[in-house]
Amino acid sequence: MILYNHFDVNEKGHLTIGGVDAVDLAKEFGTPSYIIDEEVIRNNCRTYLNAARKHFGKDALPLYASKALCFTGIYKLVAEEGLGVDCVSGGELYTARRAGFPAEKIYFHGNNKTDKDIRDAIDMGVGTFVVDNTDELYALAAEAEKRSITQRILLRITPGIDPHTHKAISTGNVDSKFGSAIVTGQAMDIVKKAIAEPSLDLAGLHCHIGSQIFDIEPFAEAAEIMTEFIAKIKSECGYEIRELNLGGGLGVRYTEYDREIDYAEAIGEISAVVRGLCEKNGITMPRIILEPGRSLVAAAGATLYTVGSVKEITGFKNYISVDGGMPDNPRYALYSSQYTALIANRASEPRDYRATLAGRCCESGDLLGENMEIQRAKRGDILAVLVTGAYNYAMASNYNKLPRPPIIMIKGGVPRIAVKRESYADLLANDVDLGD
Ligand code: LLP
């Protein structure tokens, strides 16, 4: 086992993913390729759903934050597992709809929904809008009124806490492009405006404090601030908030230096805190929604590459270059995110070499990691980066005109293509010949 049970080493000394030989996968599907073990995602969905129901009650609903990994197949899988989804753009809504995802279980997020996004989402019957700001509130109210419907909404509130994570993925502090802050009075203002809109049904509040969080403390802090605010709404407006969405953000183990999180236990702890706070603030326990992305899909994934050039620069670093890089995984370049890498065809050998993993782009920041522990590598080796299921394919680009890798889903030991590899022709599909 390497980090997780579904990453192992077989009798040939090859890495296996969900029981399938990674070297065989690389041969069959080429590299780079994203490999996803479907069972891992299903198990994570079940862990969240069961724990949420056990601790928060039957009507608790985890939503899959589909920005973490978005393609048709994943919406089908999540629908089968009984979760709702968080969509954040017209493109995600379109993908969910094409997958036949039940619209009433979609929560539509985003700090800048366009008028078209709002119209399209209402027309497809999106169950809940998570309204970010007053401009959006009025735009949505007008569209709902035109259609003579009452649109269910949550309001995105910024509780104003620092979740101790990377600045770029922290979203709950007051100076944020997301939501309305409580301390500035803007949150109460938008609540009153929402209550006054006859075409909107203010079901509840939402907050999301950040991502890759390992402690329960910031969630407890957020819950404290949110429940106090719910109590204030009750006393000031006589209005009962029925739903509280605490967002996503629970962390994931990327390397052996990261802690492991027991998600069921974490949900139990959060629930105990929320219950206590509701009692303390004299409010009825609202329906609790959780919105995990990373913790449902990250561990399920691995990316397979072929090693190209290997350079040892005397007195400096060792470089191992692979046939992918920042276009398929920009997370090291953006956030210095740490990963576990290994040579899949010699996975049983110790990772006693140190190297910088370089991509193939014309850009020196195109790295997958520095000073990584790995086996000594040579041209033609298959290199695996583990735990790439979240925010890799979802954030992939075609920089340097590199086609995006395919997604190969493994189920019951059988690999299937869920998203095809982009071809060079695909890269030109929207180019228009302007003639002379
Ligand atoms: N709900 C909302 C409103 C969010 O903005 C997010 C993530 C989630 C839920 C899911 O959070 P998770 O459980 O995945 O931590 N690209 C960055 C992560 C950005 C997260 C943005 N929001 C990365 O690669 O680390």
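Read the numbers this way: they start at 1 and go in the same order the structure lists the ligands and their atoms. Since the model is a prediction, treat every value here as computed from it, not as a measurement.
Taking all heavy atoms of Y335, Y391, Y107, F178 into account, the minimum distance to atom 20 (C) of ligand 1 is reached by Y391. Nearest to atom 1 (N) of ligand 1 by heavy atom, out of R294, K67, R156, E291, is E291.
Which parts of ligand 1 touch H109 is read off a 4.0 Å heavy-atom cut-off, strictly below it: atoms 3 (C). Shown in contact with M395 at under 4.0 Å from a heavy atom are these atoms of ligand 1, numbered in order with element: 16 (N), 24 (O). Heavy-atom contacts of D86 reach the following atoms of ligand 1: 1 (N), 2 (C), 9 (C) (cutoff under 4.0 Å). Each of the atoms 3 (C) of ligand 1 lies under 4.0 Å from some heavy atom of H206. Below 4.0 Å from some heavy atom of R331 lie the following atoms of ligand 1, by number and element: 23 (C), 24 (O), 25 (O). Ligand-side atoms of ligand 1 in range of G248: 9 (C), 13 (O), range being under 4.0 angstrom from any heavy atom. Each of the following atoms of ligand 1 lies closer than 4.0 Å to a heavy atom of A65: 8 (C), 9 (C), 10 (C). Less than 4.0 angstrom separates some heavy atom of G293 from each of these atoms of ligand 1: 10 (C), 12 (P), 13 (O), 14 (O).
Within the 4.0 Å heavy-atom cutoff, P292 counts among the residues contacting ligand 1. No heavy atom of A68 sits closer than 4.0 Å to any atom of ligand 1.
Ring pair H208/H109: centre-to-centre distance not below 6.0 Å.
Ion pair R259/D215 flagged as a salt bridge, since at least one NZ, NE, NH1 or NH2 atom sits closer than 4.0 Å to an Asp/Glu carboxylate oxygen. The pair D37-K411 does not meet the salt-bridge criterion, since no charged nitrogen lies less than 4.0 angstrom from a carboxylate oxygen. Look at R275 and E279 and you find no salt bridge, because none of the NZ, NE, NH1 or NH2 atoms lies under 4.0 Å from a carboxylate O. Salt-bridge check for R242 with D201: passed, with a basic side-chain N closer than 4.0 Å to an acidic carboxylate O.
No more than 12 heavy atoms of other residues, nucleotides or ligands shown are found within 6.0 angstrom of CZ on R98.
Considering backbone and side-chain atoms together, S295 places no N or O closer than 3.5 Å to any N or O of ligand 1. When only interatomic distances are considered, the shortest N/O to N/O separation between G247 and ligand 1 does not fall below 3.5 Å.
With hydrogens and angles left out, the side-chain atoms of Y399 and D366 include no donor and acceptor closer than 3.5 Å.
The aromatic rings of F129 and F108 sit perpendicular, their planes meeting at an angle over 60°, well past the 30° parallel limit.
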Could you please spell out the steps behind the side chain to side chain donor-acceptor pair (under 3.5 Å) verdict for N400 and R360? CA-CA 9 Å; N400 281 198; R360 56 176 302 186; over 6 Å; no
